[in-house]
Amino acid sequence: MLRWLGLEWDGTPVHQSERGDLYRDAASKLVAAGAAYYCDCTAEDVQARNKAAGGKPGYDGHCRDRALEPAPARAVRFRTPRDGRTGWTDLVRGEISFANADIEDFVVVRGNGAPMFLLANSFDDADMGITHVIRGEDHVNSTPKYLMLQQALGLKTPEAFAHMPLLVNEQRKKLSKRRDDVSMADYRDRGYLPEAMANYLALLGWGPADGVEVRPVEEIVALYRLEDVNASPAFFDQKKLSFVNAEHIRALAPAEFLTRSEPFLTRGASARAALESMVTEVQERVRTLAEVEPMIEFLVVDEPEVDEASWTKVVTKGKLVTEMLDATIERLAGLASDGGGQESGWNPAAIQVAVADAAVAAGLVNAEGAPQLSKAQGPVRVAISGRSVGPPLWESLATLGPERTLARLRAMRSRLE
RNA sequence: GCCCCCAUCGUCCAGCGGCCUAGGACGCCUCCCUUUCAAGGAGGUAACACGGGUUCGAAUCCCGUUGGGGGUGCCA
């Protein structure tokens, strides 16, 4: 998924599950140095004592000076300094610091011997030579612990931290897996381009100085600076994502658009051929790749499904519908038989002329007697596609071909008897 | 509760003491173009949370208030 987004990584992945011994060793060093200690308090014990003490949460340091020996079920806790502060300069937030006294003695290795994530994380980062720790704002509070651990272990701390603004939903709550659409795979499957995704995501919390928001990812990479990221949470706006996606789709070379659309075509070669015949028309209209097939479906299916709303709008409320259909059938039939059955006359320009003629014959004209193409095309469009909106009509008819076009026009005409 | 962070149009971003009668983008609305829909063009709608300072001068600096978010596990 990172690769889909165009993100690469250095080195080989490190699996924390295979490095348990390393973390336990580190914890032992901590204990030996007096920076950590064994604790046999259960969660219930701690809770009970806290309740008795007035209900304040957190570990009370019960075992801090008991000098317990290692034993099964005994956890290792880090001995937090009682005074002083721990802080850092955050690339996006500036100076942040915590009073050490506010940080409880946190568990580093569980009673069952399993190291805690925080220990593994801070150890691995130093071990792998991580220079920049870039993560969500929700990690701010654990950063002092991370720092304390590395310092106590004598490890090198990262050059810089950047705590990015959280992405929030309409309720202004942090995006969550359960509630919100956060799956990249999902966006990919819904027809969003990876470059559009990367582009839009970069725009949350940051903006290019020149104000050009939609642009190639390489440019964003060149322009992006963590120091310029703002610190307030950002709403993930699907509407704007759609816009950005549409822009990136339009920026594609037609051949590339075709290739990218391929996975979304479920109707095989005929769908591909249909799309090929009117790529640019479709490309310009679609906001996601998932919208491609519905737009050309009428060219592929035997009988297009009739959309109720379209029928009502164009047929029920329309005027001179039967007249228009009759006249159109006549002209197009003539056009189809022109040139002794050759299809040379069946092209968008000729079709437009024929339909315009039909409009005049049907009486769909304006005050000057010119054909009202906008009204005239309605019945024809519904007849061939079942819908009142779609790609340009002349091109659509040209691609559909005379036989199917006439058959559909006649079928609709008979429905109106 | 305690700790940390945040606060400019509905949304995202710009603004980092005077150029701001606050700019751009998405959305929405109007008009133009137009064979529908898109695209494109021209307009419009709409914001510096509040209160104190500092300063000749604050959206910009400081303090407080309010509001919002995040964190507070022997979860990752």
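Throughout, a chain's letter reflects where its sequence line sits, starting with A, and its residues are numbered from 1.
Nearest to the side chain of A:Arg85, among B:C4, B:A38, B:U35, sits B:C4. Listed nucleotides: B:U11, B:A39, B:A76. Nearest to the side chain of A:Phe235: B:U11.
Geometrically, A:Arg415 engages A:Trp311 in a cation-pi contact, judged by NZ or CZ lying under 6.0 Å from the ring centre and within 45° of the ring axis.
Atom NE2 in A:His163 sits about 11 Å away from atom C1' in B:G70, given to the nearest Å. Summarising the geometry, the separation between CZ on A:Phe243 and P on B:A25 is reported as 9 Å, rounded to the nearest angstrom. Across the protein-nucleic acid pair, A:Asp357 atom CG and B:U35 atom P stand 15 Å apart, rounded to whole Å.
Using a 30° and 60° split on the angle between ring planes, A:Tyr224 and A:Trp206 fall in the tilted class, from 30° to 60°.
The closest donor-acceptor contact from the side chain of A:Asp45 to the backbone of A:Thr42 lies under 3.5 Å.
OP1 or OP2 of B:G27 sits under 4.0 Å from a side-chain N or O of A:Arg287. Side-chain N/O atoms of A:Lys240 include none lying less than 4.0 angstrom from OP1 or OP2 on B:G27.
A distance of 10.0 Å separates CG in A:Asp307 from NZ in A:Lys313, rounded to the nearest 0.5 Å.
Rounded to whole Å, the P atom of B:C50 lies 27 Å from the corresponding atom of B:C3.
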